[in-house]
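Below is one structure, written out as structure tokens; comments come after it.
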Amino acid sequence: MKTQNKKIESYFSHESLGGIELSKEEIKTAFLEKLFYGIGRIPSVATTNDFYTALALTVRDQVFKRYVRSLEEYAELDSRGIAYLSAEYLPGPHLGNNLLNLEITEETREALAELDIDLEALLEQEVEPGLGNGGLGRLASCYLDSMATLGIPSIGYGIRYEFGIFNQTLKEGWQAEVTDKWLHYGNPWEVVRPEIAFEVRFGGRTEHGKNEDGTLKVTWTPDSEVKGTAYDTPILGYNSNGIVMRLWKAEAIDSFDFSAYNMGDYYRAVEKKMRSENITKVLYPNDENLSGKELRLKQQYFFVCCSLQDIIRLHLMQGRKLNTLSEKFSIQLNDTHPSIAVPELMRLLVDEHDMEWEEAWHVTRHTFAYTNHTLLPEALEKWSVHLLGRLLPRHMEIIYEINRRFLNELREKHYTGEQIARMSIIDERGEQSVRMAHLATVGSFKVNGVSRLHSRLLKSQVLNDFADLWPSQFTNITNGVAHRRFLAVSNPGLAELISEKIGKQWLTDLPQLKGLEKYADDVDFRERWMQVKLQNKIGLARHIKERTGVELDPSMLFDVHVKRIHEYKRQHLKVLHILSLYLRLKNGKGEGISPTAFIFGGKAAPGYFMAKRIIKLITSVAELVNNDKEVQDRLKVVFLPNFSVKQAQRVYPAADLSEQISMAGKEASGTGNMKFALNGALTIGTLDGANVEIREEVGEENFFLFGLNTEEVQTKKASGYHPYRIYDRNEELQEVIDFLISGELENGNTEIFRPVHDNLLQQDPYLLLEDYQSYIEKMEEIHEVWRSPVKWAKMSILNVARMGKFSSDRSIHEYAEEIWKVEPVKVQLSK
Ligand code: 26V
């Protein structure tokens with residue numbers, strides 16, 4: 001309910017909200033008040049978590065202040081807005097980032113120190129929301145950060161999973177999954193909005209009748225309904241605006257089914273409530289085949305349905321008509337996960353708001369834009385017509401109608417039967433299914449890929465028919481990362497050194513890093529640069545010792561491979577390399593090997609057999625190498641369990657070498673590659689995803705390239721690839737591959753890694769053997785460069801200096817200009 005309260009309004013005048021400077025004393029007072037009155041604790045019994053919560057609430061007040069101020073400004077200007085729809089977010093810990101964005105980190109540190117509280121300990125206390133799987137979810141969070149910073153009026157919509165991505169532990173070297181209870185200690189960053197809630201229907205049937213004026217009226221009688229309630233987390237930009245991440249939680253419409261209750265069936269009534277809440281219980285792995293997973297489709301529809309109703313509410317609240325929706329909103333679909341939004345918006349407009357089909361289609365097709373994040377054929381979402389029709393009968397009808405009209409258009413353009421079958425939204429081969437990427441493409445005004453290479457392949461291969469039909473619909477926006485989080489917050493030492501030389505402008509204008517180039521030849525600067533790296537390595541080594549018991553010498557080359565475990569990312573190629581070094585050392589041929597610590601991290605989808613076996617392979621190799629006295633000070637291998645945003649923030653700043661070794665054509669973009677390079681790691685990589693553009697920016701002489709490119713991969717595959725022949729001709733490779741089944745890795749057990757061995761010799765779908773020699777040779781070159789610290793330091797500095805392109809600020813700027821056509825609205829902050 002909206003109240004017009006002039007007194008409150010004048011209290012929250014622009015001026016009073018604008019005042020943002022907080023002194024140390026004010027922070028201290030606010031913190032103590034939160035501790036006493038916010039959570040009712042006296043210091044003598046307060047736990048670290050109480051202190052953390054009190055500080056989070058103190059900071060949240062300031063964040064809300066800016067958010068409210070931004071909202072006011074957006075409403076006043078009646079500006080165009082963006083809704084970012086994503087089934088995943090990986091915000092990482094909020095506290096450190098918000099302190100930076102408010103520019104009160106040091107004041108807070110001092111205020112707490114005066115109370116004998118260590119800020120670092122409180123930062124460590126935060127449990128991050130693991131509401132995503134990996135790159136895609138983290139990208140969504142980087143984008144919210146940049147949308148806030150740039151002043152793009154926007155909301156990020158998603159799902160408030162009760163259990164996020166599982167926590168990974170190791171049991172005898174195998175991955176074991178543990179439930180993620182991120183809400184266990186409460187979540188000070190969110191506020192529930194019980195008044196922002198919508199009903200979502202499932203199942204049942206439709207009836208086709210007539211309105212009074214004779215037009216078609218479809219009514220949908222569902223067989224179940226749930227309610228989605230909004231939980232808001234404010235996301236603050238750097239010295240700038242605030243936006244909101246609005247996540248939906250599923251609840252029963254009524255806590256009790258009264259008819260059942262009256263009959264005395266209390267448990268049946270409660271069961272209904274439980275069933276409803278199931279929808280937002282758990283995050284699914286996005287890299288496992290999910291077809292047939294009804295609950296996953298329910299999640300997708302649930303959050304889309306709530307979000308669209310909310311968008312329509314906001315639109316109508318401003319006194320606008322629905323036929324102007326696309327003028328006031330763009331809705332970005334983060335992959336196909338929210339693509340059921342296309343028929344849902346049609347349903348809302350046609351069935352609920354009585355709009356004519358043609359007009360509704362015009363609105364829909366001018367509102368949505370779709371980002372594709374993968375070319376892997378097995379990763380393109382499909383839902384069986386049977387399942388979708390049962391769960392969402394009205395949507396299935398609408399999809400058929402969209403498709404009928406679309407195919408007619410093709411026929412008018414004289415497309416052949418074969419082409420039509422290929423482009424149809426319905427895949428008629430085998431069990432009928434809905435191709436969600438086709439639905440998203442047909443229902444959007446723009447489709448983009450996430451790196452130049454990926455967008456080119458999208459246009460020439462996966463969606464080539466559509467790109468021929470609508471060439472101007474396709475575009476590329478290369479991914480970027482939140483450099484404030486991944487450099488300023490997580491690598492304060494380097495950030496300080498950079499600011500000392502070039503000022504602080506880079507915080508909002510990353511290309512300013514160019515100014516560092518001239519220091520690459522400055523001896524003193526280079527030494528300080530490498531000193532920062534060393535300190536970060538000491539920190540990571542300490543962390544690794546605590547977590548795994550393995551001791552790393554910080555002077556070793558830190559060679560790091562962290563990302564989701566997947567065969568296409570080729571963690572096992574790295575393992576083959578490690579084994580080759582190990583065997584060389586054992587055979588007395590170890591000259592030229594620089595002492596190296598190999599650090600792995602990443603989760604495997606719980607049902608992905610090969611990925612889990614690769615983790616076991618890494619941990620077995622680690623056991624062998626770390627316990628072999630003969631190679632002790634030359635090689636170390638660790639698998640750091642439970643890779644997350646929080647872990648990532650420790651790892652990137654401490655890496656010397658970044659492994660980006662996917663088979664060319666498979667990694668849509670990658671964003672870890674950017675975070676590493678931004679922190680001064682050098683990259684060994686293939687010409688895949690954004691590696692291509694990173695190499696172009698930093699210069700080919702500052703990037704270690706190896707392996708086949710995409711075209712060569714395709715030619716190789718088309719002309720018949722025989723991994724065994726490569727094995728047969730390469731003696732060292734033979735030794736390495738044979739070692740997998742020698743029993744030496746696992747106490748005489750020769751079978752455990754046979755699946756990996758056989759897969760490589762028989763199919764090798766990701767061409768590890770093909771790229772093996774080129775990889776080994778490039779690694780030899782790297783070890784040689786490592787032995788020249790001056791050269792290494794120069795390359796490292798030049799890498800950072802030339803990473804300006806890869807800020808998510810740049811990506812969001814491009815989305816705003818090329819896709820959304822939205823003007824930034826920067827709130828004036830009076831200091
Ligand atoms: C999905 C599936 C599903 C079936 C089995 C195999 C498989 C493998 C991968 C995926 C990922 C789908 C979408 C995704 O997460 N893409 C990632 O998006 C990032 C942000 O754009 C990008 O940097 C990564 O390269 C891309 O893999």
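In this text the structure is predicted, and so the values were computed from the model without any measurement. In each ligand, atom 1 is the first atom listed, and ligand 1 is the first ligand listed. Just the heavy atoms: all of them, side chains too, but no hydrogens, waters or symmetry mates, feed the values below.
- Of all atoms in ligand 1, numbered sequentially from 1 with element shown, those under 4.0 Å from a heavy atom of D335 are 13 (C).
- Residue-to-ligand polar distances place N479 within reach of ligand 1: an N/O pair is separated by less than 3.5 Å.
- Ligand 1 places these atoms under 4.0 Å from at least one heavy atom of L376: 8 (C), 9 (C).
- When only non-hydrogen protein atoms are considered, atom 5 (C) of ligand 1 lies nearest to D287 O, 3.5 Å.
- In this structure, the side chains of E814 and I819 stay at 4.5 Å or more apart for every pair of heavy atoms.
- Between G670 and ligand 1, at least one pair of N/O atoms sits closer than 3.5 Å.
- Atom 12 (C) of ligand 1 has T374 CG2, 3.8 Å as its closest protein atom, hydrogens excluded (heavy atom only).
- What sits closest to atom 15 (O) of ligand 1 on the protein, heavy atoms only, is N286 ND2, 3.1 Å.
- Taking 4.5 Å as the limit, some side-chain heavy atom of Y652 sits within range of a side-chain heavy atom of V562.
- Looking at E667 next to ligand 1, an N or O pair under 3.5 Å apart turns up.
- Looking from atom 16 (N) of ligand 1 to the surrounding protein, the closest heavy atom is H373 O, 3.0 Å.
- Below 4.0 Å from some heavy atom of A668 lie the following atoms of ligand 1, by number and element: 25 (O).
- Judged by distance alone, the side chain of R564 and the main-chain N or O of N133 form a donor-acceptor pair under 3.5 Å.
- Between T686 and Q660, the closest side-chain pair of non-hydrogen atoms is not below 4.5 Å.
- Under the 4.5 Å side-chain criterion, counting only non-hydrogen atoms from C-beta, V447 is in contact with L463.
- Ligand-side atoms of ligand 1 in range of S669: 23 (O), 25 (O), range being under 4.0 angstrom from any heavy atom.
- Less than 4.0 angstrom separates some heavy atom of V450 from each of these atoms of ligand 1: 21 (O).
- Taking the six-membered ring where the residue is Trp, the centroids of F600 and F643 are separated by 6.0 Å or more.
- Taking the side chain as every heavy atom from C-beta outward, I426 and V385 approach each other to under 4.5 Å.
- Looking only at heavy atoms of the protein, atom 4 (C) of ligand 1 is closest to E378 O, 3.5 Å.
- Looking only at side-chain heavy atoms (C-beta outward), T671 and L139 come within less than 4.5 Å of each other.
- Residues D559 and S658 have side chains not in contact (no heavy-atom distance under 4.5 Å, counting atoms from C-beta outward).
- The atoms of ligand 1 that sit less than 4.0 Å from any heavy atom of Y568 are 27 (O).
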